[in-house]
Amino acid sequence: MNVKLLQFKNVTKNINENRVLTDITFEASSGQVIGLIGPNGAGKSTLLKVICNLLRPTSGEVLVNNVPLHKNFKDTSKKIGYLIEDPSLYPYLTTKEHLALCLQLQGNPINQHTINSITDALNITPFLNKKVKKLSMGMKQRVGIASAVIHNPEIVVLDEPTNSIDVKGINLVKQFILTLKKQGKLVIVSSHLLQEIQSICDQYLMIENGKLVNTEEINSPSTKSYRILVPYTTETNLFLKNYFSIKRTGNFLFFDISTESLNTTLNLLIKNNIHISDIEKLSLSLERFF
Ligand SMILES: Nc1ncnc2c1ncn2[C@@H]1O[C@H](COP(=O)(O)OP(=O)(O)OP(=O)(O)O)[C@@H](O)[C@H]1O
């Protein structure tokens with residue numbers, strides 16, 4: 001059974017008097033992979049840092065296992081593992097020494113079996129005896145991911161984990177994330193490319209200008225396959241509002257629909273004498289959702 005692990009309640013974060021996160025509310029459970037998607041500067045890293053208690057909310061609350069995060073962070077920190085932005089690694093240690101140190105810093109004894117299973121899964125075993133500073137960027141990123149999970153946390157936060165990693169490595173990381181899911185962990189993974197992580201996510205949190213977009217889009221972005229564009233008029237606006245989540249761009253209105261509802265939608269528009277300016281097939285890139 002999945003257990004509610006993480007709750008954000010109306011979290012707002014200001015940095016240097018700028019509002020970076022606004023009223024963020026969501027919850028996530030064990031055994032889930034949550035994709036945090038948004039363009040550059042949307043607030044993804046800030047939100048992830050709040051989960052890891054690297055930043056405190058200006059207002060609102062974060063609960064882990066129903067306990068406020070900041071009240072019990074010593075215990076909670078053992079439950080959270082993270083890779084935020086560039087991995088902070090100890091350059092003069094070997095990969096093996098680095099991972100062993102990460103384990104010890106969390107108060108765990110060195111368990112070679114744990115280290116091996118993680119390094120095998122991420123294909124970094126051949127580099128265990130190599131100094132971290134001599135690893136390629138992609139390898140460092142994988143060591144960063146290994147460091148995030150080495151102490152067996154319940155919540156794993158990965159900020160753009162596929163940065164600098166080649167296609168083969170990306171597939172490996174995705175498989176690794178699915179293994180963490182199978183182990184019952186909650187994985188929160190950010191990317192500015194929906195297509196990169198959509199196949200592994202159970203749910204999406206789409207963020208734009210520090211705000212989450214609505215739940216419908218969060219839960220089913222990939223089902224919206226067509227964008228319909230119609231000329232703006234007050235009447236058309238009022239009419240379409242009854243059926244779709246519509247947006248305005250200049251002199252046009254647009255809305256996204258699924259493949260299944262394409263015929264019905266076109267019939268509805270034709271019947272009501274609404275001119276169709278364009279029907280666009282949506283690719284699954286992030287730009288389509290903002
Ligand atoms: N320490 C800081 N001081 C001032 N502004 C900050 C700071 N950290 C983040 N910001 C601002 O907060 C906003 C969100 O930044 P954040 O790094 O969370 O976005 P992001 O979605 O992770 O972006 P990217 O995809 O480029 O990494 C940006 O406008 C950024 O300039």
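Proximity of a side-chain donor or acceptor of Gln175 to a complementary backbone N or O of Leu172 within less than 3.5 Å is not detected. Counting only distance, with no hydrogens or angles, the side chain of His70 and the backbone of Glu61 share no donor-acceptor pair below 3.5 Å. The main-chain N or O of Met137 is never found under 3.5 Å from a side-chain atom of Ser164 such that the two would form a donor-acceptor pair. Although no hydrogens or angles enter the test, the distance criterion places no donor-acceptor pair under 3.5 Å between the side chain of Thr249 and the main chain of Phe252. Asn237 contributes no side-chain N or O that, together with a main-chain N or O of Thr233, makes up a donor-acceptor pair within less than 3.5 Å. Between the side chain of Thr22 and the main chain of Lys211, no donor-acceptor pair closer than 3.5 Å is present. The backbone N or O of Gln106 lies less than 3.5 Å from a partner atom in the side chain of Lys78, making a donor-acceptor pair. No donor-acceptor pair closer than 3.5 Å links the side chain of Asn14 to the backbone N or O of Glu17.
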| said: I'd like to know whether Val132 forms a side-chain contact (heavy atoms from CB on, under 4.5 Å) with Phe127, so could you lay out the CA-CA distance, the side-chain angles of the two residues, the decisive distance to 0.1 Å, and finally the verdict. | reply: CA-CA 9 Å; Val132 166; Phe127 308 97; over 6 Å; no

| request: Please assess Ile84 against Cys52 for the test side-chain contact (heavy atoms from CB on, under 4.5 Å), listing each intermediate value before the final yes or no. | output: CA-CA 9 Å; Ile84 300 275; Cys52 304; 4.2 Å; yes

| request: Assess whether side-chain contact (heavy atoms from CB on, under 4.5 Å) is satisfied between Asp256 and Tyr226, documenting all intermediate values. | output: CA-CA 6 Å; Asp256 298 340; Tyr226 291 95; over 6 Å; no

| Check against side-chain contact (heavy atoms from CB on, under 4.5 Å), Ile124 and Met139 | CA-CA 7 Å; Ile124 48 181; Met139 276 305 158; 3.8 Å; yes

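The existence of a salt bridge linking Lys181 and Asp202 is confirmed by a sub-4.0 Å separation between a basic side-chain nitrogen and an acidic carboxylate oxygen. With salt bridges taken as basic N to acidic carboxylate O contacts below 4.0 Å, one links Lys4 and Glu27.
Put simply, the side chain of Leu89 reaches to within 4.5 Å of the side chain of Val143, judged on heavy atoms. Taking 4.5 Å as the limit, every side-chain heavy atom of Thr12 sits out of range of all side-chain heavy atoms of Asn10. A 4.5 Å side-chain heavy-atom check between Leu6 and Ile188 finds at least one atom pair inside the cut-off. No side-chain heavy atom of Leu83 sits less than 4.5 Å from a side-chain heavy atom of Ser147. When side chains are defined from C-beta on, Gln7 does not count as touching Val62, because their heavy atoms never get closer than 4.5 Å. Within the 4.5 Å cutoff, no side-chain heavy atoms of Val20 are placed close to those of Leu47.
In this structure, Lys247 forms no cation-pi arrangement with Phe255, as its terminal cationic atom is not both closer than 6.0 Å to the ring centre and no more than 45° off the ring axis. Relative to the ring axis of Tyr232, Arg248 places its NZ or CZ within 45° and under 6.0 Å from the centre.
Checking Asn116 against Gln112 by side-chain atom types alone, a donor-acceptor pair falls below 3.5 Å. Judged by distance alone, the side chains of Asn152 and Lys185 do bring a donor and an acceptor atom under 3.5 Å apart. In this structure, a donor-acceptor pair under 3.5 Å is absent between the side chains of Thr94 and Asn129.
Checked against the 6.0 Å centroid threshold, Phe8 and Phe26 count as a close aromatic pair.
By the neighbour-count criterion of 12 heavy atoms within 6.0 Å, atom CG of Asp23 is densely surrounded, having more than that number from other residues, nucleotides or ligands. In Asn251, the CG atom is not crowded: 12 or fewer heavy atoms of neighbouring residues, nucleotides or ligands sit closer than 6.0 Å.
Here CG of Leu128 is found 7.0 Å from CG of Leu99. Values are rounded to the nearest 0.5 Å. Gln203 contributes atom CD, which lies 8.5 Å from atom OG of Ser29 (distance to the nearest 0.5 angstrom).
Nearest approach of Asn65 to Glu154, heavy atoms of both residues: ND2-OE1, 3.8 Å. Shortest non-hydrogen contact noted between His275 and Pro231 is O-CD, 3.2 Å. Here the shortest heavy-atom pairing between Val173 and Pro161 reads CG1-CB, 4.3 Å. Of all heavy-atom pairs spanning Val156 and Val149, the tightest one is CG1-CG1, 3.7 Å.
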